[in-house]
Amino acid sequence: KAYKSVFKPMHFALCEEEAKKPMAMKLVCAGEEERVVGLHVIGIAADEMLQGFAVAVKMGATKADFDHACAIHPTAAEEFVTMGPWGAKPDGQGGIVPTPVPKGR
């Protein structure tokens, strides 16, 4: 499953609208546990974000681990740990069920 987000980062908050560069992110997960197997970033400071999240991917982080991480605001990197459904999964009846933190984490 892939979680995606496209937005204009706060880095450009005080710029004229035509100067604001969009950013795109994708979190790629595999299996029922939604183990994070890839991250894609296009935009400012993408290299710095990927380097930091590489450790989490190498350690076998899941989407639930990302959901339970503290977002550092205001940064574009916080988008990876707040991608919807943030900390939840659909319950099949129009509601959501919180995603539990995997055991041993």
Side-chain angles (χ1 to χ4, degrees):
K1 180 172 184 166
Y3 297 87
K4 302 173 193 171
S5 182
V6 177
F7 60 97
K8 292 182 182 171
M10 289 187 68
H11 177 84
F12 299 109
L14 301 177
C15 297
E16 297 293 327
E17 193 59 36
E18 60 274 1
K20 295 180 180 182
K21 307 272 192 278
M23 182 161 226
M25 296 180 166
K26 182 170 27 173
L27 187 65
V28 183
C29 302
E32 190 175 317
E33 191 180 25
E34 292 194 301
R35 184 155 316 278
V36 177
V37 294
L39 295 104
H40 302 257
V41 185
I42 299 172
I44 192 163
D47 53 343
E48 299 294 333
M49 281 183 256
L50 289 175
Q51 182 62 47
F53 284 111
V55 174
V57 173
K58 179 85 173 162
M59 293 177 71
T62 64
K63 172 71 167 80
D65 291 323
F66 274 60
D67 290 345
H68 290 88
C70 181
I72 300 170
H73 181 75
T75 67
E78 72 182 300
E79 193 71 15
F80 275 126
V81 298
T82 60
M83 283 187 175
W86 186 27
K89 290 188 176 189
D91 68 1
Q93 299 174 0
I96 57 171
V97 177
T99 305
V101 176
K103 292 181 180 180
R105 303 252 176 175

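We count residues from 1, following the sequence as given.
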* First locate atom CE of Met10, then atom NE2 of His73, and finally report the distance between them rounded to the nearest 0.5 Å. =>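 Atom-to-atom, Met10:CE and His73:NE2 are 5.0 Å apart.
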* To do: Nearest 0.5 Å please: distance from the CD atom of Glu34 over to the CG atom of Asp65.
  =>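 Taking CD in Glu34 and CG in Asp65, the distance rounds to 11.0 Å.
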For [X] against [Y], the heavy-atom pair lying closest together:
X: Ile72; Y: Glu78; result: O-CB, 3.5 Å
X: Val36; Y: Thr62; result: CG2-C, 3.8 Å
X: Phe80; Y: Phe66; result: O-CD2, 3.5 Å
X: Ala76; Y: Met23; result: CB-SD, 3.6 Å
X: Pro22; Y: Lys8; result: CA-CG, 4.2 Å
X: Ser5; Y: Glu79; result: OG-OE2, 2.5 Å

* Asked: Is Ile44 linked to Met25 within one hydrophobic cluster, defined over Ile, Leu, Val, Met, Phe, Trp and Tyr using a side-chain heavy-atom separation of less than 4.5 Å?
  ->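 The answer is yes; both residues are in one hydrophobic cluster.
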* Same hydrophobic cluster for Phe7 and Leu50, using side-chain heavy-atom links shorter than 4.5 Å among ILVMFWY? ->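 Both belong to a single hydrophobic cluster.
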* Lys63 side chain vs Met83 backbone, donor-acceptor pair below 3.5 Å ->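 Checked: pair present.
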* Please say whether more than 12 non-hydrogen atoms of neighbouring residues, nucleotides or ligands are located less than 6.0 Å from NZ in Lys4. =>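 Check fails, neighbour count at 12 or below.
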